[in-house]
Each structure stands twice: as C-alpha cells, then as structure tokens.
Amino acid sequence: MKIIFWILAVYAVICVVAYFGNRRYMYFPDPARTAPAEAGLDGIEEIEIATTDGVTLVAWHAPAKADKPTILYFHGNGANAANRASKIHTILESGFGVFYLNNRGYGGSGGKPTEENNVADAIAAYDHLVKLGASADKIVAYGESLGSGQAVRLATKRTVVAVVLEAPLTSTVDVAKATYFWLPLGLLLTDKYNNERNIHSVTAPVLVLHGAQDAVIPVEMGWQVYRAANEPKQIEVFPQGAHSDLFDHGAWRTVQVFLASLSG
C-alpha cells in the first residue's frame with residue numbers, strides 16, 4: 001500500500017508541476033530585438049503596437065505591390081521575424097505585402113505568450129494592418145506551426161481572403177500525447193490551440209501545407225485539420241519536406257497559385 005501511495009503522490013506532483021509549468025515547454029522565445037536591416041531586409045518598416053493591457057508588440061511591415069495580398073504572418077514557438085527573414089524576402093520578391101507579428105516575448109515584443117494573449121494580439125495586428133490601408137479582401141491569415149492556432153482563431157473573428165496553415169497541429173494536447181501519453185493532458189495544458197475544432201467556424205478558403213517528413217507535427221495532423229475545414233480547401237504535402245523547410249520545397253509557389261485561383 002505504501003508503494004501505491006508514493007506512486008500516486010509522485011504522479012500528483014508531476015501533474016501539478018505540468019499544470020503550472022507547461023507554458024515553459026510550449027514557448028521558446030528569443031527576446032532579442034533585431035532591426036529588419038540587420039536581418040538583411042530592405043523596405044521593411046518596424047512597427048510598434050500598443051495593446052489594451054499595456055504591452056508593446058513589435059511587428060515588421062511592408063505594403064503589397066500591384067494590388068496583391070498582404071500576408072499577416074503568425075510564427076511558431078521558436079521563431080521570430082529575424083530568423084524567418086529569408087521567407088519574408090521570398091514573399092516580398094513576389095510583390096506581396098507582409099505584416100509579421102512578433103508574439104509576446106519574441107523579437108522585442110513585451111509580455112509573456114499565452115493562447116489568450118496571442119489570439120488577442122493577432123486581432124490587434126489585423127486591426128492595425130487595416131488602419132495602415134490594407135483591405136480585408138486582401139489579407140491572408142498565415143500561421144506557421146503553433147501560429148496556425150492564431151491564424152485559425154483570427155479567421156473566426158475577422159474577415160480574411162484566405163487562411164494558409166503551414167505544418168498545423170490539431171491541438172497542443174495531441175502533440176504532447178505522443179510523449180506524455182500517461183498524463184491527463186486535456187486537464188493540464190492551459191493553451192490548447194485546438195485547430196481541428198476551431199476551424200469548423202472558418203468560412204474563408206483554407207490551404208494546408210505539410211511536410212511528409214515532419215518530425216515535430218506529424219503530417220497526419222495536417223490531414224486532420226484539412227478534413228475538418230470547410231470548402232473551399234486544399235492540402236499540399238511535400239514528400240521531402242520536414243517541419244521548417246517547406247519554402248525550400250516549393251510551398252510559396254503553391255500559396256501563390258492557390259491565392260490566384262481565388263481571384264480567378
């Protein structure tokens with residue numbers, strides 16, 4: 001009986017630690033603020049957004065050319081604008097606009113990331129982009145990895161021309177289950193980013209991009225999100241793609257073709 005008691009006691013302690021500390025294992029922010037020019041980008045303006053709770057967010061913005069859409073970009077748990085500079089450059093080369101939000105704690109933005117904060121900040125970024133002159137029918141909600149949760153939730157609150165999800169997860173609970181299957185994760189994880197459920201409320205066209213070799217978020221999760229989405233929708237799986245290299249395998253070209261099909 002003593003052994004059972006101690007096993008249960010240790011399990012309970014692990015659950016308590018997991019509940020109060022799970023965000024430490026979900027977000028990996030680099031707080032360093034890097035200017036666009038330092039990252040090798042010209043023509044990008046660094047913007048500060050003041051949130052309603054007094055936090056200052058840092059975003060990078062370049063307007064679209066020739067009436068093309070603007071990519072409102074939400075990053076993953078270990079990314080920021082500076083370490084995605086090559087992707088931003090590729091997008092800009094095509095004449096598209098970019099509004100890249102550094103989430104709280106990332107890239108010079110203040111505060112701490114949580115799902116509630118990140119979704120509210122995604123809406124604030126959208127509203128700021130509209131104030132800068134972008135029209136709703138030219139804004140694409142683009143979510144990479146964990147940022148897919150922000151893109152999906154934003155699309156349920158604001159009008160966008162399309163939603164692009166790069167390596168989306170079904171939920172953080174599902175991702176964590178692969179390792180911590182023995183914990184009641186549905187009760188312990190505070191930030192769930194339940195894309196498979198939330199995407200039911202998205203009426204904008206959806207494009208899912210995923211790498212077949214993704215070892216972080218399995219490609220089956222991309223398929224599950226795709227199946228849960230409303231029409232019109234499309235999925236593109238890159239046979240040699242991993243988690244963060246889909247642009248190297250033609251993902252941006254797929255995005256351009258998809259968006260062109262919506263206006264055609």
Side-chain angles (χ1 to χ4, degrees), residues 23 26-65 68-85 87-89 91-92 96-166 191 193 198 202 204:
R23 286 184 176 127
M26 189 176 299
Y27 304 105
F28 303 98
D30 179 352
R33 182 169 181 171
T34 304
E38 292 179 56
L41 294 174
D42 296 321
I44 295 277
E45 180 184 6
E46 193 176 46
I47 291 174
E48 292 187 349
I49 303 172
T51 66
T52 56
D53 60 343
V55 171
T56 299
L57 305 175
V58 176
W60 290 9
H61 174 245
K65 299 177 181 177
K68 288 195 173 183
T70 294
I71 304 298
L72 179 52
Y73 200 112
F74 305 109
H75 60 75
N77 67 349
N80 57 41
N83 65 27
R84 291 295 184 265
K87 294 179 75 172
I88 295 173
H89 176 72
I91 294 169
L92 294 178
F96 284 67
V98 172
F99 195 100
Y100 193 114
L101 176 67
N102 286 299
N103 286 332
R104 298 186 184 212
Y106 292 77
S109 291
K112 294 182 179 181
T114 68
E115 181 176 11
E116 181 181 1
N117 287 339
N118 286 352
V119 172
D121 295 345
I123 295 171
Y126 175 100
D127 292 343
H128 194 93
L129 179 56
V130 170
K131 287 180 181 178
L132 292 173
S135 58
D137 63 349
K138 291 294 183 180
I139 297 176
V140 178
Y142 192 109
E144 176 191 350
S145 192
L146 192 64
S148 60
Q150 287 171 274
V152 169
R153 290 284 297 281
L154 172 66
T156 69
K157 304 291 185 180
R158 295 290 189 271
T159 299
V160 295
V161 66
V163 178
V164 179
L165 305 176
E166 180 184 331
D191 298 349
Y193 295 96
N198 295 331
V202 174

* Asked: Is the shortest side-chain N to carboxylate O distance from Arg153 to Glu116 below 4.0 Å?
  -> no
* To do: Determine whether more than 12 heavy atoms belonging to other residues, nucleotides or ligands lie under 6.0 Å from atom CG of Asp42.
  => no
* Contact summary for Ala125 and Ile49, nearest pair of heavy atoms -> CA-CD1, 4.1 Å
* Closest approach of Ala62 to Gly43 (non-hydrogen atoms, all atoms of both residues) -> CB-O, 3.6 Å
* To do: Tell me, with the steps shown, if Lys112 and Val55 meet side chain to side chain contact (heavy atoms under 4.5 Å, CB included).
  => CA-CA 9 Å; Lys112 294 182 179 181; Val55 171; over 6 Å; no
* Side-chain heavy-atom pair Tyr193, Asn118 within 4.5 angstrom cut-off -> yes
* To do: Determine which pairs satisfy side chain to side chain donor-acceptor pair (under 3.5 Å) with at least one residue from residues 68-77, sequence neighbours left out, and list them in order.
  => Tyr73-Lys87, Tyr73-Glu144
* To do: Determine, for Lys157 against Asp127, whether the closest basic-nitrogen to carboxylate-oxygen distance falls under 4.0 angstrom.
  => no
* Spell out, as yes or no, whether a donor-acceptor pair under 3.5 Å connects the side chain of Tyr106 to the backbone of Phe28. => yes
* **Atom pair OG1/CD of Thr34 and Glu46 - distance to nearest 0.5 Å** => 8.5 Å
* Could you state the interatomic distance from CD1 (Ile44) to NE2 (His89), rounded to the nearest 0.5 Å? -> 10.5 Å
* Can a donor-acceptor pair be found between the side chains of Gln150 and Asp121 at a distance below 3.5 Å? -> no
* Would Leu101 and Leu57 satisfy side chain to side chain contact (heavy atoms under 4.5 Å, CB included), going step by step from the backbone distance to the final call? -> CA-CA 8 Å; Leu101 176 67; Leu57 305 175; 4.1 Å; yes
* Structure fact -> d(Asn198 CG, Ser148 OG) to nearest 0.5 Å is 10.0 Å
* Can you list the residues that meet the ring-ring contact (aromatic ring centres under 6.0 Å, His included) rule with Phe99, with sequence neighbours excluded? -> His61
* Structure fact -> d(Thr159 OG1, Ile139 CD1) to nearest 0.5 Å is 9.0 Å
* Asked: Among all residues two or more places apart in sequence or in another chain, which pass the side-chain contact (heavy atoms from CB on, under 4.5 Å) test with Ala204?
  -> Val160, Val163, Val202
* Structure fact -> Taken to the nearest 0.5 Å, the spacing of Asn103 CG from Leu146 CG works out to 8.0 Å
* To do: With side chain to side chain contact (heavy atoms under 4.5 Å, CB included) as the test, would you mind laying out the steps for Trp60 and Val98 before giving the verdict?
  => CA-CA 7 Å; Trp60 290 9; Val98 172; 5.8 Å; no
* Would a distance-only check, ignoring hydrogens and angles, find a side-chain to backbone donor-acceptor pair under 3.5 Å from Thr56 to Gly110? -> no
* Structure fact -> Looking only at heavy atoms, the pair that brings Gly105 and Pro29 closest together is O-CB, 3.2 Å
* Structure fact -> Between Asn83 and Gly78 the two heavy atoms that sit nearest each other are ND2-O, 3.5 Å
* Evaluate the side chain to side chain contact (heavy atoms under 4.5 Å, CB included) criterion for residues Leu154 and Leu72: first the C-alpha distance (whole Å), next the side-chain angles of each, then the deciding distance (0.1 Å), finally the verdict. => CA-CA 10 Å; Leu154 172 66; Leu72 179 52; 3.6 Å; yes
* Under the side chain to side chain donor-acceptor pair (under 3.5 Å) rule, what do Asp191 and Tyr27 come out as? Steps first, then yes or no, please. => CA-CA 10 Å; Asp191 298 349; Tyr27 304 105; 2.7 Å; yes
* Taking all atoms of both residues into account, what is the closest heavy-atom pair of Ala81 and Tyr100, and its distance? -> N-CE2, 3.2 Å
* Structure fact -> Heavy-atom nearest pair, Gly143 first then Ala151, reads N-CB, 3.7 Å
